[in-house]
Amino acid sequence: MTWALVVRSLVRHPVRTLLVIAGIAVAAALLLDMVMLAGGMERSFSRMLLSRGYQIRLSPKGTLPFDSEAMIPAITPILEDLRDDPDIEQVGPVLATSLHVSVGDSLLTVVGYGVDPAAQGLYELESGTDLAPGDSTGLVVSEPAAAAAGWRLGDTVRLQGRLDPQSARAAVERVVVVRGVVRFLYDARGQRSVGADFRLVQSLGRQPDVDPASMVMVKVRADDRVDAVAERIAAAHRTVEVNSVAALVVQFRSRLVYFQQLSLILATISLVVGVLLVGTILTITVSERIGEFAVLRGIGVRRARIVRLVMAEGAVLTGVGAIGGVVLGLVTARYLDAILTSFPGLPAAISFFVPERTAIARAAIAVFVAGVAASGYPAWLAARAPIAETLRADAE
Amino acid sequence: MSPFGVLALLSWLLPTAPTFQQLPGIAIERRLADRHGLSVGDTVLLTPKPDRPAARYLVEAVYQPKADPATALRGEYQIRFHLPELARLLDAPDRVDRIAVRGRPGVPPDSTAFRLNQPAFGYRAYPSELIAAESSRTFAVVSRFHRAIGVISIVASAVFLLCIMLLKVEERRLDAAVMRLIGISRATVFRAFVLEATFVAAVGSVLGVGLAAVAGALTNWVYRRRFETSLVFSHLSVEIVAFGVGLSLLLGVAVGALAARRLVTARPLALWRRAG
Amino acid sequence: MSVVLGRDLTKVYSLNGRQVAALRGVSLTIAAGEYLAITGPSGSGKSTLLQLLGGLDSPSSGRLELMGRAVEGLSDDELTDLRLRQVGFVFQRFHLMPVLTARENVELPLAEAGVGRRERGQRAAELLAYVGLADRSDHRATQLSGGEMQRVAIARALANRPALILADEPTGELDAATGAQILALFDQLHRDGVTLVVVTHDEHLAARVPRRVHLQDGRIDRDELATAR
Ligand SMILES: Nc1ncnc2c1ncn2[C@@H]1O[C@H](COP(=O)(O)OP(=O)(O)OP(=O)(O)O)[C@@H](O)[C@H]1O
Ligand SMILES: [Mg+2]
């Protein structure tokens, strides 16, 4: 009976009801997008950094990983020291440098990564075979690099390093064979990159004599030991910057305050819009029907029931609106994500809007609760109306 | 990345003991001066890397850098050196990052750049416009994002407006019935209601512009303080105001007309009955 | 036991700061099974009195007992429950729920009283048959004529077998013939032992009612029993 009353009252003004639901859906969609935006980047950043299980990064002092062309010199003793640590499972050095290959009569510049094939947290194999440990003539390439250079698996490639800007001639050259196509986890969209043995890339890069590395990735055996290990490494090697992924995420977050605040403000606004919408519409429909509520009270319907009736209307409106909002929000999030991920230089693995069950549930529940709360005022209006007076006024 | 970024500043202030030997001079930005209590005449120690020896400089000037969104949100400070001093500090004599070239009037920058690139010894020349376009790509993305969010907000507020205007007119059901029953023509009733809707929409728009101005001012105030910059974060342009007011007027009048049409085309007695 | 026991009832409304005395000391006792008409000029306080008798409003002063319970001490929920189970209202303008069907309108007070679905449907069907609307039970309230609406309203008033039926000008909006049908229904209710109080301007109606109470300026100036009927 309650539901018959609620649903038919809503159907009585179909245009109005549909508009309110549409309004709530848009507000809920915006809220969902903002909830996803608030936590999404951070989570996708952390997921990206942890995607191969390396929880600690060593980088040149004063920089973040890949922040510049700075290098850690004399890396070998550091690596040996790290490998001796019983808490550490794997140690993966990385050296990034510009490499060149001749394609036709022009020179193609690619980002060359030197890795230890036995312990690399930098890429994932897409096709072909991975570099084997100790393989000093193998090359893995990113899809865009392969496309730009026209490489296929098994092709022989002459990698050139240390280009002299004056003469446009390379100082060193190494012959390698394309073993596999890989996806480099930290590359920007369309970035042309290749990966090869760490020592090989060292020999092709700048200042080979200083034994450089751009970064070292460290995998700790037990997750709860990460902070302790990071502290220990930092104490032992004062010339490098040691960061756990958690600490990097914190730094990343501080760079994204803008989005956080934007999402907070817009989320608040969308909630306010939702609340206003439900509150206004229900207040108006209730005052239109105040006579009906007085009659209900007159024939013996309790106040609590009247409150429930009106709040149920609010719940139906916001419930349907919230469901529509989730769908709409997921669609718009993909569109918004496509916009933001076109930031120049952003790793392709980063997403700003990560559709997670908790985010969706949180947004939907927030809209629902706010909407039902907003129907509290009209519900109170309806329940509180003095019966005799309202009936008399209604009869006039 | 500019060398300023890597430059670690160690601002050990010496007690203002007068120094007689001639120190190299630098200019520091106001933010840095304010934050660390530096002023003209102070001496600072600067080093390009924490483990390298520091050199002593004299603050000769404090300046306000031009507001630049690309750097405003970073925490870094700027210091200006005489070129040879910086080269000496970085131990990179005879090296520059960039050279600014001004062509003779009338010569198109594109052709100059092309000519400069012909020998291509260790540099590349770009027209400034190209660099500006390139470096504003980030902001282009942000502004596309803002526009998308703006569209969503506009849809939300349009729906809201539609609802309110619809109700506003429907509220007048009984009045419409009375007016029709006492013999006022449909057209007149229609015009009266559309006029009323227009008025409501107009007043609402004006209030909305006021609200936007306040919110914008607040945003600017908060972010300027936060990032210590004179950048404009929220700018209420005439076009935006015109767009907002125009849209809400249009929607208001359209919905008012729609709802009013429904009222005047219904039989007056039916209105009466539904209103009762 | 008397169904209504009122002593020195007054009702004062304040309207824009002015005090309007609608009732100025009404004492009235109604026994079970009585059929009573309240008459009087417009503004004499008939509707006001009826609202007090039905617990829709409370008196400004005086003492009122309904079914032996003092109204004064009742909480809002208790008073609501009293209206639900002991009193049935019939309004001049019917006041049905427009979105519900005839049957649902009758079922509404039953549902509120916690009657189960099946019993509810059965009782609503019986009541609609009693008021002669068995074939209209699935019509929306708005699809019924005035007379039909009033009959549904009477069925609704009877739903929880109340001790007292209160009707405020039940024929006021109906034509003579339809009004007569409603009055016939009231006669039948009276014969079935229901206590009935009807406010009316209708001399016809008043003439056929056993007891007539006449109000003037918020006071009872006549309370007469018809000698014969
Ligand atoms: N809510 C109220 N506020 C102010 N005055 C009221 C209110 N209700 C009733 N009155 C006044 O109380 C007096 C009695 O009203 P009531 O409705 O009881 O008269 P009535 O006898 O039912 O009249 P009618 O035959 O026209 O229905 C009238 O003067 C009326 O104006
Ligand atoms: Mg009356």
Side-chain angles (χ1 to χ4, degrees), chain A residues 1-17 281-282 284-314 316-317 379-396, chain C residues 11 13 15 22 47-52 54-58 75-101 103-113 115 117 120 140-142 153 156-157 159-160 162 166 168-169 172-173:
Chain A
M1 193 110 280
T2 308
W3 288 108
L5 263 176
V6 166
V7 171
R8 288 190 210 154
S9 301
L10 289 173
V11 172
R12 182 143 58 141
H13 297 288
V15 180
R16 192 188 287 187
T17 301
I281 299 300
L282 279 183
I284 291 175
T285 43
V286 159
S287 42
E288 275 175 5
R289 289 185 289 149
I290 198 76
E292 284 173 34
F293 291 113
V295 172
L296 285 176
R297 295 274 295 124
I299 64 170
V301 175
R302 285 161 187 250
R303 284 214 162 108
R305 161 89 60 174
I306 303 278
V307 167
R308 256 181 282 149
L309 272 176
V310 177
M311 294 193 68
E313 277 187 39
V316 170
L317 287 175
W380 177 76
L381 274 187
R384 173 213 71 130
I387 307 165
E389 217 168 301
T390 308
L391 283 177
R392 175 184 299 268
D394 206 49
E396 270 162 11
Chain C
K11 181 69 188 177
Y13 296 107
L15 190 68
S47 297
T48 304
L49 178 60
L50 204 70
Q51 283 167 351
L52 295 189
L56 288 180
D57 212 343
S58 45
S75 72
D76 184 75
D77 274 354
E78 287 168 328
L79 200 60
T80 306
D81 203 59
L82 186 110
R83 287 198 301 270
L84 179 68
R85 292 168 201 280
Q86 314 271 26
V87 181
F89 276 102
V90 178
F91 303 96
Q92 177 175 357
R93 306 190 70 182
F94 330 129
H95 285 320
L96 298 177
M97 289 291 116
V99 293
L100 298 182
T101 63
R103 202 219 325 259
E104 287 166 337
N105 265 292
V106 180
E107 279 187 43
L108 190 66
L110 290 165
E112 188 63 17
V115 178
R117 181 178 292 271
R120 220 154 69 195
R140 286 279 174 92
T142 45
R156 178 178 70 181
N160 283 318
L166 302 172
D168 195 348
E169 301 188 33
E173 299 251 321

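Sequence lines set the chain letters: A, B, ... in the order given, protein chains first and strands last, and positions in each chain run from 1.
Nearest heavy-atom pair across A:Glu292 and C:Pro98 is OE2-CG, 3.3 Å. Of all heavy-atom pairs between C:Asp57 and A:Ala388, the closest is OD2-CB, 3.5 Å.
Most heavy-atom pairs under 4.5 Å with chain C: of the set A:Arg302, A:Glu389, A:Arg289, this distinction falls to A:Arg302.
For the pair A:Val295/C:Arg156, a side-chain contact is recorded, criterion being any heavy-atom separation below 4.5 Å from C-beta on. Residues A:Val7 and C:Val99 fail the side-chain proximity criterion, which asks for heavy atoms closer than 4.5 Å. Here the side chains of C:Leu56 and A:Leu391 are in contact, with some heavy-atom distance below 4.5 Å. Here the side chains of C:Leu100 and A:Leu5 are in contact, with some heavy-atom distance below 4.5 Å. With a 4.5 Å cut-off on side-chain heavy atoms, A:Arg8 and C:Glu104 count as touching.
Remark: C:Phe91 pairs with C:Phe89, C:His95 by the ring pair (Phe, Tyr, Trp, His ring centres under 6.0 Å) rule, at least two apart or across chains.
Using a 4.5 Å cut-off between heavy atoms, C:Glu107 touches chain A through backbone and side chain atoms alike. Of the two parts of C:Leu79, neither the backbone nor the side chain holds a non-hydrogen atom closer than 4.5 Å to a non-hydrogen atom of chain A.
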Test side chain to side chain contact (heavy atoms under 4.5 Å, CB included) on C:Glu112 and A:Thr2; report intermediate values, then the result. CA-CA 10 Å; C:Glu112 188 63 17; A:Thr2 308; over 6 Å; no
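Under a 3.5 Å cut-off, the side chain of C:Arg83 and the backbone N or O of A:Ile299 do not form any donor-acceptor pair.
Atom CZ of A:Arg384 has more than 12 neighbouring heavy atoms from other residues, nucleotides or ligands inside a 6.0 Å radius.
Salt bridge present: A:Arg297 and C:Asp76 bring a charged side-chain N and a carboxylate O closer than 4.0 Å.
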